[in-house]
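Ligands are counted one by one from 1 in listed order, and the atoms in each one are counted from 1 as well. Index from 1, following the sequence. Only this structure's heavy atoms are used, side chains among them; waters, hydrogens and symmetry mates stay out.
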Amino acid sequence: MAVTSPPKLDARKLRADFPIFKQQIHGKPLAYLDSAVSTHKPRQVLEKLKDFYETSYANVHRGVYTLSERSTAEYEGARQKLAQFVNAPSDREIVFVRGATEGLNLVAYAWGLVNLGPGDVVVVTELEHHSNFVPWQYIAGRTGATLKMIELDDNGELDLSALDSIAREGRVKVVANNLVSNALGTINPIEKLSAWAHEQGAIMVVDAAQAAPHHEIDVQQLDCDFLAFSSHKMCGPTSVGALWGRAELLESMAPFNLGGHMIRSVRLEETTWGDLPYKFEAGTQPIAEAVGFGAAMDYVNEVGLEAIEQYESELVAYTLDRFAELGGITSYGPPPERRAGIVSFNVEGIHPHDVAQVLDSEGVAIRAGHHCCQPLMTRLGVAATNRASYYLYSVPDEIDRLIEGLHKVRKILG
Ligand SMILES: Cc1ncc(COP(=O)(O)O)c(C=O)c1O
């Protein structure tokens, strides 16, 4: 067993908190190696949801009655936890959104449509998930701004030597980058990019969908302007996420969605907007989901992000060692110490979808596809990869099962 230094995190113990692992898939215990796409939920979060619906649920900020006040307190309590989680200067800088995708679209539409125009440059990277690429491409197209891309070096890390030439293309107004790549696990140099973006007079938009579950986030240290992440990737419910934005920027922006709750006054002649963050929270919010997100924060905080990050890096190192023994595997991405718990790979001569299908018959769930990163796949010269991704409940036995499964893949398809 190559997982060497004693992990500070006891994944086997944590795993017992997750009811999903009680079942068998095709008669075999579930080996779930697809946590980058979505994580499973511990009973602490599931119980919180049930308890909230059973004892405290009502619409928020609507009623003066006890239940509505109780519900509002839980909902706003979750916002406070999120603010602390990213070290936001103020709770009102946290906007509940449906997920990272909606948060990034909110910035692209509400900030980009108004502030971009011909001669402006929007910078994305070759590593972006489509959620932080396509909205910027679309808004750049609509406003006449130019879209530029920071490319990768052969390690799967951003090649920042191109920044000067990008700056010569026009006025850089937006730099958009993920803190952790969902396809390669690369941890990106956001602080450097923020500094460069601000030198250019640009805003720094961070997609933290893959970072927040695994990596401590401090928006003040990153010195970014917006940062988005999703609950479902960190033990919380689906359909809720958070966008953090600098108060002065959020205040300067028009709303993204319009309707109930986000207004101050409505007249035939004019409608005025509510205060932050409500200006961006039109309509009935994912209330119970937000409360469940708060419970997920508690769970992840209790385990500790440092322990999660260190443990995942050991799992990545172990996987790469086992791949080296197996041979015939091409893996992508930086060394384990510079990436999160994600391993993208291809089995020589076998299509990723076929690999994933045979593994499923062994109860091993991995992802096969372009991972919503088609520009990256183009750069790697492949249509798709397989991806194994880990979280705090992943155990080395699951990686052993992956390797055994890959032997079987070779036997059947090789
Ligand atoms: C890096 C990254 N950004 C954004 C997203 C989009 O997140 P969501 O689907 O929760 O909005 C994902 C989801 O896979 C992701 O991995």
Side-chain angles (χ1 to χ4, degrees), residues 32-41 82 86 95-109 124-138 149-150 152 156-158 175-190 193 204-215 217 222 224 226-244 256-257 286 289-290 292-293 296-297 300 312 332-334 339-344 365-377 384-391:
Y32 184 75
L33 303 181
D34 199 14
S35 289
V37 81
S38 204
T39 62
H40 285 294
K41 321 301 171 199
L82 288 163
V86 298
V95 178
F96 280 117
V97 285
R98 272 180 49 228
T101 302
E102 190 181 64
L104 297 165
N105 273 275
L106 188 161
V107 181
Y109 276 86
V124 293
T125 84
E126 209 165 26
L127 266 183
E128 279 342 281
H129 186 280
H130 296 163
S131 295
N132 203 24
F133 189 106
V134 181
W136 293 113
Q137 184 180 48
Y138 178 73
M149 188 166 80
I150 303 173
L152 290 184
E157 294 177 285
L158 296 179
V175 180
N177 183 209
N178 54 48
L179 176 46
V180 169
S181 149
N182 63 305
L184 301 185
T186 316
I187 301 170
N188 289 311
I190 296 296
L193 279 174
M204 181 75 215
V205 181
V206 178
D207 170 2
Q210 291 297 339
H214 317 276
H215 189 79
I217 291 183
L222 292 173
C224 54
F226 294 99
L227 181 138
F229 56 110
S230 297
S231 150
H232 71 96
K233 292 187 191 287
M234 46 195 311
C235 295
T238 52
S239 301
V240 68
L243 173 71
W244 168 82
F256 176 47
N257 287 318
E289 290 79 359
F293 194 3
M297 299 275 102
V300 168
E312 286 182 3
Y332 308 94
R339 69 159 105 166
I342 289 172
V343 183
S344 264
I366 62 160
R367 177 94 183 265
H370 54 63
H371 317 298
C372 299
C373 292
Q374 287 187 359
L376 173 64
M377 295 297 120
T385 72
N386 289 117
R387 181 186 70 184
S389 55
Y390 309 130
Y391 204 31

Open item on the list: With side-chain hydrogen bond (donor to acceptor under 3.5 Å, both in side chains) as the test, pick out the partner of S131 among N105, D207, T101.
Closed with: T101

- [ ] Could you tell me the separation between the CZ atom of F96 and the OG atom of S231, rounded to the nearest 0.5 Å?
- [x] 9.5 Å

Open item on the list: Students often mix this up, so state it plainly: with edges at 30° and 60°, are the rings of H214 and Y391 parallel, tilted or perpendicular?
Closed with: perpendicular

TODO: Could you check whether the rings of H130 and H370 sit parallel, tilted or perpendicular, using 30° and 60° as the cut-offs?
DONE: tilted

Open item on the list: Can you tell me how the ring of F256 sits relative to the ring of Y109, calling it parallel under 30°, perpendicular over 60° and tilted otherwise?
Closed with: tilted

Open item on the list: Testing V180, N132, N182, L184 one by one against L127 for a side chain to side chain contact (heavy atoms under 4.5 Å, CB included), which residue passes?
Closed with: L184

Can you produce the list of protein nitrogen or oxygen atoms under 3.5 Å from a nitrogen or oxygen of ligand 1, alongside each distance?
{"from": "ligand 1", "atom 1": "3 (N)", "to": "D207", "atom 2": "OD1", "distance (Å)": "3.2"}
{"from": "ligand 1", "atom 1": "3 (N)", "to": "D207", "atom 2": "OD2", "distance (Å)": "2.5"}
{"from": "ligand 1", "atom 1": "10 (O)", "to": "S230", "atom 2": "OG", "distance (Å)": "2.6"}
{"from": "ligand 1", "atom 1": "10 (O)", "to": "H232", "atom 2": "NE2", "distance (Å)": "2.7"}
{"from": "ligand 1", "atom 1": "11 (O)", "to": "A100", "atom 2": "N", "distance (Å)": "3.4"}
{"from": "ligand 1", "atom 1": "11 (O)", "to": "T101", "atom 2": "N", "distance (Å)": "2.9"}
{"from": "ligand 1", "atom 1": "11 (O)", "to": "T101", "atom 2": "OG1", "distance (Å)": "2.6"}
{"from": "ligand 1", "atom 1": "14 (O)", "to": "H129", "atom 2": "NE2", "distance (Å)": "3.4"}
{"from": "ligand 1", "atom 1": "14 (O)", "to": "K233", "atom 2": "NZ", "distance (Å)": "2.6"}
{"from": "ligand 1", "atom 1": "16 (O)", "to": "Q210", "atom 2": "NE2", "distance (Å)": "2.8"}

